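Notes for the one structure printed next.
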Amino acid sequence: MLIFLALALPLCGVIGVSICRRNPNLREGFTLVVSMTLLFVVLQLLSLVMAGARPELILLEMLPGVELRFKIEPLGMVFATVAAILWPINSLYSIGYMRGNEESHQTRFYIFFAVAIAAAMGVAFSGNLVTLFVFYEVLTLSTFPLVAHKGNKMAMLGGRTYLGILLFTSIGLLLPAIIWTWTLAGTTNFIPGGILTGHIEGGAITLLALLYLFGIGKAALMPIHRWLPAAMVAPTPVSALLHAVAVVKAGVFSIVKVMVYVFGLDLINQAPGADWLMWIACFTLIAASLIALRQDNLKKRLAYSTISQLAYVVLGAVLLAPLSITGAALHIMAHAFGKITLFFAAGSIYTSSKKTEVSQLDGIGRRMPYTMTAFSIGALSMIGIPPTAGFISKWYLLMGAFQVQQLAAVTVIVASTLLNACYFIPIIYAAWFKRESSEAILKYGEAPWPVVTALCMTAGLTLLLFFFPGRPFELIQQIST
Amino acid sequence: MISHHLPALQVVVPLLAAPLCFLLGRYRRLGWILSTLVSWLCLLIALQLAYQVVDGGQIHYAFGGWAPPWGIEYRVDQLNALVLLIVSGIAAVMFPYSWNSIQNEVDPEQQPLFFTCMLLCLAGLLGITITGDAFNLFVLLEISSLSTYTLISLGRDRRALTASFQYLIMGTIGATFILIGVGILYMLTGTLNMADLSDRIGNIGESRALQAGFGFLIVGIGLKLAMFPLHLWLPNAYAFAPSVVSAFIAATATKVAVYVMVRYLFTIFGPEFSFSAMNIHWLFIPAGLIAVLFTSIVALFQRDIKRMLAYSSVAQIGYMLVGIGLVSTTGLTAALLHLFNHALMKGALFLSMGAVCYRLGNTLIDNMDGIGRQMPWTMGAFVAGGLSIIGVPLTVGFISKWYLILAALEQGWWPVAVIVLLGSLIAVIYVWRVVEAAYLHQRPDQAKTVKEAPASLLVPTWILVLANFYFGIDASFTVGFTSSAATTLFGAP
Amino acid sequence: MIAFSLFNYWIVIILMMAGFYTVIASGNLVKKIVGLNIFQTSVFIMYISMGKVIGGTAPIVTVNTELYSNPLPHVLILTAIVVGVATTALGLSLIIRIKEAYHSVEEEEILAISQQEDESE
């Protein structure tokens, strides 16, 4: 029942928002109320799952033997909780941002945002591959109007790349992978330990794993990462949705879920060339960091940083050690909180000063102290420096890598941490310690209060996760057992 | 008592209503109301028939009391009950739609003719589906074809005339080929009843004449169902016919032809002969795959959206041929499912284009910039239909693709699966072209502002759209029906 | 002897090919219809020939005859002839309207005009 509520609530939001489209205050108030209610529902579910329950719901039977089935397990709970926590904050931020920048079509924006959240909930709670796929596609389609929101030439091209790559990979690779799994195992339900054991062997495992790895294009493994920078044309709250709340998280979450509940760690370990899966992740990790170094556009730099951070999660999944899986799940959370802070900050800078390039940020810390403090916290979390959440997740990833004695992976994680530092530290330095160039005539201060409040909240969450990792950790521990 | 005669009534009612419609002449609205009621009656009859055979039974009906094989037998099993449902269901949606739609597209004095021909076409298609007699099938085929030629020529554009003529030539050649094939079968077996034919063909053994008859029939039916490369008549015919006609024939006529193909291959010749002796799947799979790729790509370059949809139809027929050519129960299920599903999606797409045509006067993509805001319901229907063509989950297109790929993988023919997927990816592009034009382009300032289409056009369109979603979310009815039909077809000796 | 007994069928084949060729090769729409007619007629002859039983009389029940021709194909072909007439009528009326619209019955000229229209859209 609660599951159904979690799926239906955002859709209620859609109806409410479209009814109140004439009155912006009512419309946005409604969004906030619905998102808070959803958070409440998800927290109820969380306490159930923490207590060891595994709620289940079968909505209907799509095909004989293929149901729309939902089943909550710890990993999905992590993802759902993150999304549910961030939705109200993001809504608050959107109100400030959309009004501050006088964006058009705001009703459409809130409607599709709510649909995307519903889809994210569906992905998180899905109990079999088909349900996962259904909501994965709904998520892709509902975010397209958001990405192409501005409706100009750039937005259209960006939207085209976004939709093109995501649909291409999901229909072209993920769907056959799912059907293949179905022909092999006769089921697509997620079962701890995997469903493929005994049905497949040898090179076919590697091939199937590759289909999944690239088919889930939302995880942005190279070379199918292009949609993520292309989607940067979207308004900032959408970027936050893409990078932190729903889309890329849905991608890496799906990969981890497939590795753990479809293949099972033991099976993947036997596959010839399992190392290759790891190398793909490592390559993406390093290459994306290198590209990020060269970006001057702040949002683009953040986008490439996301690609490399996602590769951490994928790496955690394909290292196939219980500890690294824990690390991957933790990193989903840590990255969500950290990256949303960074995007909020970038949007805040844009709203008040219209600056988009890294080279323009000299001395901005004095003018926007809250924004830049939050930005610094987010950046430290990306690098993995205490006292931020990123430290903990990287710690577990490293432990996992040691556990299976993949020294190469250890090296890559360390190297990329250095690279992360290389592209974030200069921004922080410039913001706080360099002098503002004398040409600046535009006088500006902090962004509107909803924006600042939202980004302080997410920065706070990043710190909180470091100091109180106990509860989430307990939850994640349940995955491996 | 009357229920005993349902199979005959299914065909006779629209057949008798047709001249009545013509006699009503000037009272055009009355003619429309009559034909709408008739189409609903047909749907009721089809539902009743389907209900009777849902458990796998058969209905035999001897026409005029002459027992087969002397008289003509009508026979309903699961396979044609499904096709009857599609044809009459689509008709029941199209007739209410037609009134407003043809006001702009057909001259008033020709409108009685329009309804007459629509009813004749409906009678012909239902007859082809229900009949159990090979020659009767030919006659009904010609009834539906002749009325279709007339309907196409009613289009306002003068190119409709040439399109109709081209279709007439190719359609008649196809029908004559079928006639030759039936003649040869009659010479070999001495019967025209399908059930008897299938019994006796099994005893003939290897015979050159049988092979020739098979060839004539395949080519003849292939022309009718627009099997690649025999599809050349189709794009122009669909593009220049009045919108409601395009929608009707796109959703039904080719589907019925696919049904005839399945009926001949499986019931009359038997899978043993068709696939083991004649290896017909080596024709179907390449032809189907080339159709999927080639015509999808051609569709990309069309500026008239109706013609684009027409090319896409040829591609979709390619999927059905591939499904048949996979020679497995799953493959045949996929083909039959797609037959049903494609009728729903193409019907919805053509109807939404009909609504665009009603307001804009044509369906050129250049004129559609920015109409998504002005006609939200119409274009919403187009997007939904487009998603279905692509095969996005929760739509019927997904169910078809799922089964088709499943069948290909079961046989281990993964390149087939790859091409099927490639086809739906190309569909993404051509559907998205329209979506971008309608929603993301700005409406040019000098362009006239358009209003949303009237409810009489929108309601039928959305009925089909909702059917797209309903059967996409809960496919147990269609899958159950088609898979048991497929099993029967393979099981029959 | 065998070749001669299949005389009808040779005629069928010749007519069929001649008609088919005319349909495809002729650019004049009227000639296409003529070709189509010849093509159909050949099939009619095929049906009529197969009903003939050598030595049989017309299928009317009388006292002395035992052997008579098969009436069924003849009846069938009556229907087919009607269909053929309808097709021809429809085809010819279409040609009249094409002539009104394009002022030509030559396929090439009509195609050229249509193509222009396609491009000017």
Side-chain angles (χ1 to χ4, degrees), chain B residues 69-70 117 133-136 138-143 145-150 152-154 156-173 175-184 186-188 190-192 216 236 239-240 302-304 307 362-367, chain C residues 9 12 16 19-20 23-24 26 29 32-33 35-37 39-51 70 72-73 75-77 79-80 82-105 107 110-111 113-119 121:
Chain B
W70 295 282
C117 287
D133 184 279
F135 192 81
N136 195 229
F138 161 77
V139 176
L140 289 159
L141 183 75
E142 281 296 47
I143 290 179
S145 301
L146 286 169
S147 48
T148 310
Y149 309 144
T150 320
I152 292 169
S153 73
L154 289 180
R156 274 273 166 82
D157 196 300
R158 62 177 174 178
R159 280 168 292 175
L161 295 174
T162 41
S164 169
F165 188 80
Q166 196 184 11
Y167 185 19
L168 180 132
I169 296 286
M170 295 190 70
T172 308
I173 292 176
T176 314
F177 269 47
I178 295 175
L179 189 61
I180 300 170
V182 172
I184 294 175
Y186 180 72
M187 282 199 263
L188 284 167
T191 179
L192 290 167
F216 274 115
N236 276 340
F240 298 119
Q302 301 304 318
R303 286 162 60 212
D304 187 344
R307 201 196 298 230
N362 58 39
T363 52
L364 295 181
I365 193 166
D366 313 349
N367 295 344
Chain C
Y9 293 97
V12 167
M16 192 183 282
F20 202 33
V23 176
I24 294 168
S26 170
L29 299 186
K32 270 183 190 292
I33 292 289
L36 204 61
N37 261 310
F39 180 57
Q40 286 181 315
T41 310
S42 73
V43 182
F44 302 160
I45 297 178
M46 183 183 94
Y47 267 76
I48 295 167
S49 315
M50 71 174 140
N70 184 351
L72 187 66
V75 179
L76 294 181
I77 224 57
T79 321
V82 174
V83 170
V85 170
T87 312
T88 312
L90 184 60
L92 289 175
S93 59
L94 273 177
I95 291 176
I96 292 173
R97 289 193 51 200
I98 289 176
K99 169 82 175 165
E100 280 169 6
Y102 289 89
H103 306 293
S104 165
V105 289
E107 197 175 25
I110 296 170
L111 264 181
I113 299 172
S114 307
Q115 245 157 25
Q116 265 175 6
E117 275 180 1
D118 276 344
E119 279 155 22
E121 255 174 3

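Chain naming here is simple, since letters A, B, ... match the order of the sequence lines and numbering starts at 1 in each. Only a predicted model underlies this, so the values are computations on that prediction, with no experimental measurement involved.
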- Item | C/Tyr102, part contacting chain B, at a heavy-atom distance under 4.5 Å | both

- Task: State, with a plain yes or no, whether a side-chain heavy atom of B/Ile180 is found less than 4.5 Å away from one of C/Met16.
- Result: yes

- Over all atoms of both residues, closest heavy-atom pair of C/Asn70 and B/Tyr186: ND2-OH, 2.8 Å

- Query: Between C/Met46 and B/Gly183, which heavy-atom pair has the shortest distance, and what is it?
  - Reply: CE-CA, 4.2 Å

- Message: Show the nearest heavy-atom pair for residues C/Gln40 and B/Thr176, with the distance to one decimal.
- Response: CG-OG1, 3.8 Å

- Which answer fits B/Phe165, side chain, backbone, both or neither, if we ask what part of it has an atom under 4.5 Å from a heavy atom of chain C? both

Donor-acceptor contacts under 3.5 Å from residues 86-94 of chain C side chains, at least two apart:
unit_1  : atom_1 : unit_2  : atom_2 : d
C/Thr87 : OG1    : C/Val83 : O      : 2.8
C/Thr88 : OG1    : C/Asn37 : OD1    : 3.2
C/Thr88 : OG1    : C/Asn37 : ND2    : 3.4
C/Thr88 : OG1    : C/Gly84 : O      : 2.8
C/Ser93 : OG     : C/Ala89 : O      : 3.2
C/Ser93 : OG     : C/Leu90 : O      : 2.8

- Rounded to the nearest 0.5 Å, how far does CG of B/Leu161 lie from NZ of C/Lys99? 14.0 Å

- State, to 0.1 Å, how close C/Tyr9 and B/Met187 come at their nearest heavy-atom pair, and which atoms those are. OH-SD, 4.0 Å

- Is there side-chain contact between C/Ile33 and B/Leu168, with at least one heavy-atom pair below 4.5 Å? yes

- Message: With a 4.5 angstrom heavy-atom cut-off, is it the side chain or the backbone of C/Leu36 that approaches chain B, or both, or neither?
- Response: side chain

- Message: Looking at every heavy atom in both B/Phe135 and C/Thr79, which two are closest together, and how far apart are they?
- Response: CE2-CB, 4.1 Å

- Please determine, among B/Ile184, B/Ile169, B/Val139, the option with the most heavy-atom pairs under 4.5 Å with chain C. B/Ile169

- Task: Please flag which part of B/Leu192 lies under 4.5 Å from any non-hydrogen atom of chain C: side chain, backbone, both or neither.
- Result: side chain

- Item | Value rounded to 0.5 Å, distance of CD in C/Glu107 from OG1 in B/Thr162 | 9.5 Å

- Which atoms form the tightest heavy-atom contact between C/Ala101 and B/Arg158, and what is the distance? O-NH1, 2.7 Å

- Query: Distance from B/Gln166 atom CD to C/Leu29 atom CG, nearest 0.5 Å?
  - Reply: 10.5 Å

